[in-house]
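To keep things clear, I will list the structure first and then write my remarks on it.
Numbered from 1 within each chain, the chains take letters A, B, ... in sequence-line order.
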2 protein chains.
Amino acid sequence: MRRAGTVTGAVPRPGLRERKKQRTRDALVRAALELFATRGYEGTTVDDIAAAADVSQRTFFRYFASKEEVTFFVPRLAESHVVEAVRGRPPGEAPLETLRRAVLDSWDDIHATIEQLVPLDLHLRVYRVIESTPALLAAHLRRATELEEELARIIAEREGLDLDADPRPRVLVAAFGGVIRVTERLWSAGDDISVAAMHDLMAAYLDRLGPALAENWRTDRAPDRRTET
Amino acid sequence: MRRAGTVTGAVPRPGLRERKKQRTRDALVRAALELFATRGYEGTTVDDIAAAADVSQRTFFRYFASKEEVTFFVPRLAESHVVEAVRGRPPGEAPLETLRRAVLDSWDDIHATIEQLVPLDLHLRVYRVIESTPALLAAHLRRATELEEELARIIAEREGLDLDADPRPRVLVAAFGGVIRVTERLWSAGDDISVAAMHDLMAAYLDRLGPALAENWRTDRAPDRRTET
DNA sequence: TGTCAAGTGTCAGCGGCTGTCACTAGCCTC
DNA sequence: GAGGCTAGTGACAGCCGCTGACACTTGACA
């Protein structure tokens with residue numbers, strides 16, 4: 001129990017001001033997500049959100065640059081777990097395996113992070129709103145490619161490669177990201193919203209990545225060499 | 001059921017009304033793209049575009065649902081060529097090869113389609129604006145995933161598969177799409193904006209798709225079996 | 001306790017976008 | 001070729017996301 005203005009400690013308890021700010025931000029996030037989930041994104045005005053959080057519209061825009069930004073506050077927190085997980089993988093591991101394990105192993109942490117702010121159920125409902133609202137889906141995809149760029153940098157560094165000279169990091173991450181997005185969409189559209197379901201779906205789809213590139217699907221074997229020019 | 005003035009041909013010449021409409025739309029597209037390329041997207045108001053095309057703002061919105069839509073008028077035309085090319089590939093071809101050849105072979109048609117409306121140079125400048133404007137980049141990515149969904153449907157149909165039962169069509173297209181996007185970005189950022197340069201870049205990156213998923217990059221061989229769970 | 005600045009509310013305004021309504025001008029019929 | 005129909009348009013009013021300016025309140029700290 002530290003007092004405001006404390007000097008000691010690695011993570012000193014923030015002052016009243018800081019705590020109040022955090023409470024306001026959380027209130028705005030929760031109010032926004034709740035409204036989005038019930039009335040939809042376009043059916044919710046910023047004034048509505050501000051009113052629900054009991055602040056002025058101007059204050060909303062001091063916390064979030066846009067209505068869009070508040071929507072992705074929780075996902076942004078979740079993403080950082082994946083980035084950290086990739087960074088924490090043992091060196092020498094095959095790149096695709098690094099990404100695969102990082103994502104699959106992060107799910108518990110991500111789950112905990114989400115629940116700290118909003119119920120998982122609300123998160124899912126908002127995710128469905130994102131998928132079905134063109135403006136939000138677009139923003140979601142843009143954020144995803146930014147994350148991919150960061151992951152490509154990390155992979156390139158791990159492998160000691162120049163990102164602009166060797167295509168493989170970006171190519172790998174692009175393919176990987178594509179599969180992740182497909183599974184996210186299927187998961188959110190499905191019935192089983194458990195973390196385990198998401199985990200299994202991703203694992204299954206990632207395992208199909210190799211075979212899907214294979215020469216001929218009908219043989220149902222994966223004959224290795226793909227399009228040799 | 002021929003209209004006045006039309007006598008022959010499977011594609012009757014449209015009436016004055018229709019031609020006037022097309023002229024107005026083309027004028028709006030050209031005015032918009034020219035302004036975007038010079039002043040930037042956000043630096044251009046819809047009033048500016050309407051004024052440049054000599055119509056009212058209200059009329060602009062009768063032709064395009066949004067400022068964003070006019071930006072993607074040309075790309076949308078180009079995309080249809082790719083879809084047609086995929087449809088036209090010989091049956092029995094390996095799916096990845098189908099996509100690869102369809103995209104690579106479409107470039108001349110795409111080039112012609114673009115030039116019919118605006119100079120290729122202007123198109124490229126607008127593309128750079130798209131890449132560097134968050135709102136437009138987001139819209140671009142959303143449109144790309146919609147296209148991917150359509151391609152996945154076509155691939156599944158070619159292979160006689162149920163899109164929702166077999167992950168491979170979506171997985172393949174997602175991986176493929178990711179690589180295409182990476183190459184587009186590199187091309188637009190580079191110096192050589194020729195069609196040939198784009199073609200070669202895509203071919204090279206697509207050929208790296210297999211190796212990038214391979215076990216270990218350092219051996220520089222592609223040992224086939226990837227992440228077996 | 002007084003000073004300072006962070007945080008906030010209020011107000012005014014711009015730009016994207018929409019609904020409405022009256023008017024003009026191609027098109028079609030007689 | 002005159003007149004009616006309606007697609008296309010301009011003018012206007014208004015909503016909503018977002019921003020700048022300014023004054024007021026309140027936590028932080030000497």
Please state how far atom CD in Glu18(A) lies from atom P in dA5(C), giving the value in whole angstrom units. 18 Å
When the distance from CD of Gln22(A) to C1' of dG27(D) is rounded to whole Å, what number comes out? 17 Å
Would Glu149(A) and Arg185(B) pass as an ion pair if we require N to O under 4.0 Å? yes
At less than 4.0 Å, is any side-chain N or O atom of Lys20(A) found next to OP1 or OP2 of dG7(C)? Yes or no. no
Exercise: do Thr145(A) and Arg181(B) side chains pair donor with acceptor under 3.5 Å: no
Pick out which of Thr133(A), Leu136(A), Val129(A) makes a side-chain contact (heavy atoms from CB on, under 4.5 Å) with Thr71(A). Leu136(A)
Cationic N near anionic O, under 4.0 Å, Arg153(B) to Glu157(B): no
Tell me the interatomic distance from Arg25(A), atom CZ, to dT8(C), atom C1', rounded to whole angstroms. 15 Å
Please report, rounded to the nearest Å, how far the P atom of dA25(C) is from the CZ atom of Arg19(B). 17 Å
Less than 4.0 angstrom between a side-chain N/O of Tyr63(B) and OP1 or OP2 of dT9(D), yes or no? yes
With a cut-off of less than 4.0 Å, is there a side-chain N or O of Lys21(B) near OP1 or OP2 of dA7(D)? no
Residue-phosphate contact under 4.0 Å: Thr59(A) side-chain N/O, dT10(C) OP1/OP2: no
His140(B) and Phe72(B) aromatic ring geometry - parallel, tilted or perpendicular at 30°/60° bounds: parallel
To the nearest Å, how far apart are Arg62(B) CZ and dA7(D) C1'? 10 Å
Could you note down all residue pairs passing ring-ring contact (aromatic ring centres under 6.0 Å, His included) where residues 37-56 of chain B supplies at least one of them, sequence neighbours left out? Phe36(B)-Tyr41(B)
Are there any protein N/O atoms within less than 3.5 Å of an N/O atom in nucleotides 14-18 of chain C, and if so, which ones and at what distance?
{"from": "dG16(C)", "atom 1": "OP1", "to": "Thr44(B)", "atom 2": "O", "distance (Å)": "3.4"}
{"from": "dG16(C)", "atom 1": "OP1", "to": "Lys67(B)", "atom 2": "NZ", "distance (Å)": "3.0"}
{"from": "dG16(C)", "atom 1": "OP2", "to": "Val46(B)", "atom 2": "N", "distance (Å)": "3.1"}
{"from": "dC17(C)", "atom 1": "OP2", "to": "Lys67(B)", "atom 2": "N", "distance (Å)": "2.8"}

